[in-house]
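Letters go in sequence order (proteins before strands), and every chain restarts at 1. Computed over heavy atoms, backbone and side chain alike; hydrogens, waters and symmetry mates excluded.
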Protein chains: 2
Amino acid sequence: MVHGPEGREKRILVRRDRSAQWLDLRTALRLGSVARGAAAERATVLAAALAPCSTSLALQGGADFHDAVAAVLADAPEAAVVTDPELTNALDPTSYRDFMVFERHFSFGYEWQNKPVPDVMYELPVSYAGDPLSFIGPGETIPWPSYSERLDYELELGIVIGKAGTNLRPEQALDHVLALTIFNDVSARDIQGREMAGGLGPSKGKHFACVTGPLVTSLDELPGSGLAMTARVNGEVWCATTSAEMVWSVAEIVAWASQGEVLRPGALLGSGTCNGGSTIEIGRRLEPGDEIELEIEHLGVMRNTLGTPAGRTWWPSARERRDGSAETHFLT
Amino acid sequence: MVHGPEGREKRILVRRDRSAQWLDLRTALRLGSVARGAAAERATVLAAALAPCSTSLALQGGADFHDAVAAVLADAPEAAVVTDPELTNALDPTSYRDFMVFERHFSFGYEWQNKPVPDVMYELPVSYAGDPLSFIGPGETIPWPSYSERLDYELELGIVIGKAGTNLRPEQALDHVLALTIFNDVSARDIQGREMAGGLGPSKGKHFACVTGPLVTSLDELPGSGLAMTARVNGEVWCATTSAEMVWSVAEIVAWASQGEVLRPGALLGSGTCNGGSTIEIGRRLEPGDEIELEIEHLGVMRNTLGTPAGRTWWPSARERRDGSAETHFLT
């Protein structure tokens, strides 16, 4: 975030090798253009086109964007350094789909629904789509929707697609992954349970808010052995686990998601909740105002406060169940 | 579609009261600006900003966009008339969610999954999210993904959001609906059945393709009593029904979708398959090359041909089921 003449503005910040020094990409590009003889106003326009206020839009620039980042990291003017920046969500996803690949979590989830674990969980990575427009960032208040009395966090690994791909094999897939990030698939458990009895979604149980992390860390900066994952509520550790316990790997998740579809730059794939990474499976309960702190090794810390429940506006009136002859409607 | 120096280009076309006369919105705006004294090049830039190649982006222009449409309809230059245009999908949705509100269809669906109809279907409109980036238009070939042997169409009513809204009541909701359109939620039944045993989604069963219609017809041009809905395959009528048989109304669907969320201009809400509006419930089967023609009264006709199955690239290798001690992975 920077302050400009039109208010606060999001900027893409880059840094090399987890150094403490952040660079404002747009400023660095602008100063570079000026140094090469561009007129000041044109340099501003060109830099804004290549480094927009959206990571997804930037990634859609393809190699032109990645080359620009590399050039800035190789030789950035001192004036582009940002000291102590306010970090918000590093990714505004193009699309978002969530998988469920941590076995202890999904086993609990089926038990919670009074169902046995279905065989398909061991046959392929299952997923559902969410709303990419519902994302907020670290530091923002998580809205508490009127239709829920039970909110929950879900500590997940977020997989960020950097390069378009389709019908990928696992051995090709990691080349299309830009980075990993922290992901909180905020859940309204009561409505989620009700709507999932219908076998679709979840939908209202999820779409009111998602949170992604302050950093996207590229794969070449990460150990292949797994990352420590921690959840704290009001400072108390409620979950401490590892990303090493995935039934399907990042490469397999990406490959399967890409079958018959084009994965686009900026797409986010969630791993599903890590083992122990929500309150229902540990018998705890969140309250309005609680501070949720999710941390993943090398991916930073993501801190959010839960809002207070919104007042009820409207709830559908149930239809009389007559199996085959329910009352019907069209526009109203 | 128009032909320009950079190839074929999508344009927004408008017409008044279902007249035969289409107007190219951008051309009309450009000529209007020139007539009011704008320089030709500036008029081109201004018209392209207000009437981009995307209906969703245009709708995000708010009242500025709607006022521009009204002005063009009131007084359009003859040179903006387009004769016999090639109509493609009228909407590239901002987001997409599908409901399931036709009782005979959903009753069949649960029977197909060997389940009783859950009570929640009569308590509130349930839904799942899909991929807004998977949309194609009339005339385009529907891709047949490698992982399916059973493709199906779903004849649905598409509800197009025109104005942002949140926590709406049904009596406010229609004011936020721009129009209705034809919607085909193309489905891969075999993988859909497998993945829905996991209780999430559907996902791979749906995300490879969706089709929206050639027209978006505003509510003030539609009768409130219901619209005739027809599906034809290779010219033969496979479904003839009506939109009047919805358990939840358009207003209720929109109101429920908006609880705790911001519905944005360009969002698409599907009604779910109309009664008899897919092949599984009528015991028929589609083959590669079949022509699917979906028609809804006042919303036009949408014609697509099914492609041929893509060659298999990769399929996940099953995990040995050991309940609690599956083999685990991280990146690879």
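- Using a 4.5 Å cut-off between heavy atoms, A:Ser134 does not touch chain B at all.
- In this structure, no portion of A:Ile253 lies under 4.5 Å from any heavy atom of chain B.
- Proximity to chain B (any heavy atom under 4.5 Å) is shown, for A:Trp248, by both the backbone and the side chain.
- Annotation: maximal heavy-atom pairing with chain B below 4.5 Å, among A:Gly260, A:Gly201, A:Gly224, occurs at A:Gly201.
- With a threshold of 4.5 angstrom between heavy atoms, A:Arg194 approaches chain B through its backbone and through its side chain.
- The distance from atom CZ of B:Phe330 to atom CG of A:Leu227, rounded to the nearest 0.5 Å, is 4.0 Å.
- Side-chain contact between A:Pro202 and B:Leu200: present, with at least one pair of heavy atoms (C-beta onward) separated by less than 4.5 Å.
- Heavy atoms closer than 4.5 Å to chain B are found in the side chain of A:Arg97, but not in its backbone.
- Between A:Glu261 and B:Lys204, the closest side-chain pair of non-hydrogen atoms falls below 4.5 Å.
- Across all their heavy atoms, A:Ala251 and B:Thr332 have their closest contact at CB-CA, 4.3 Å.
- Interface check for chain B: of the options A:Pro118, A:Ala209, A:Pro145, the most heavy-atom pairs under 4.5 Å are formed by A:Pro118.
- Only the backbone of A:Ala257 comes within less than 4.5 Å of a heavy atom in chain B; its side chain stays farther off.
- Using a 4.5 Å cut-off between heavy atoms, A:Ser107 makes no contact with chain B at all.
- The closest side-chain heavy-atom distance from A:Trp315 to B:Leu124 is below 4.5 Å.
- The two atoms that bring B:Ser317 and A:Glu252 nearest to each other are OG-OE2, 4.5 Å, heavy atoms only.
- There is no contact between A:Phe102 and chain B, counting heavy-atom distances below 4.5 Å.
- Contact annotation for A:Ser148: neither backbone nor side-chain heavy atoms come within less than 4.5 Å of a heavy atom of chain B.
- The number of heavy atoms from other shown groups lying within 6.0 Å of CD (A:Glu327) is above 12.
- A:Leu263 does not touch chain B: none of its heavy atoms, backbone or side chain, sits under 4.5 Å away.
- Residues B:Glu320 and A:Tyr122 have side chains not in contact (no heavy-atom distance under 4.5 Å, counting atoms from C-beta outward).
- The contact between A:Ala326 and chain B is made by backbone and side chain atoms together, counting heavy-atom distances below 4.5 Å.
- When heavy atoms are compared at a cutoff of 4.5 Å, A:Asn275 does not approach chain B at all.
- Here the side chains of B:Phe208 and A:Gln259 are not in contact, with every heavy-atom distance at 4.5 Å or above.
- Looking at A:Leu157, only its side chain comes within 4.5 Å of chain B, counting heavy atoms on both sides.
- Ring planes of A:Trp256 and B:Trp314: perpendicular class, angle over 60° (limits at 30 and 60°).
- With a threshold of 4.5 angstrom between heavy atoms, A:Tyr147 approaches chain B through side-chain atoms but not through N, CA, C or O.
- Chosen from B:Pro170, B:Ser146, B:Ser95, the residue pairing most often with chain A at heavy-atom distances under 4.5 Å is B:Pro170.
- Here the rule is side-chain contact (heavy atoms from CB on, under 4.5 Å) with B:Leu331, and of A:Leu180, A:Ile159, A:Val177 only A:Leu180 fits it.
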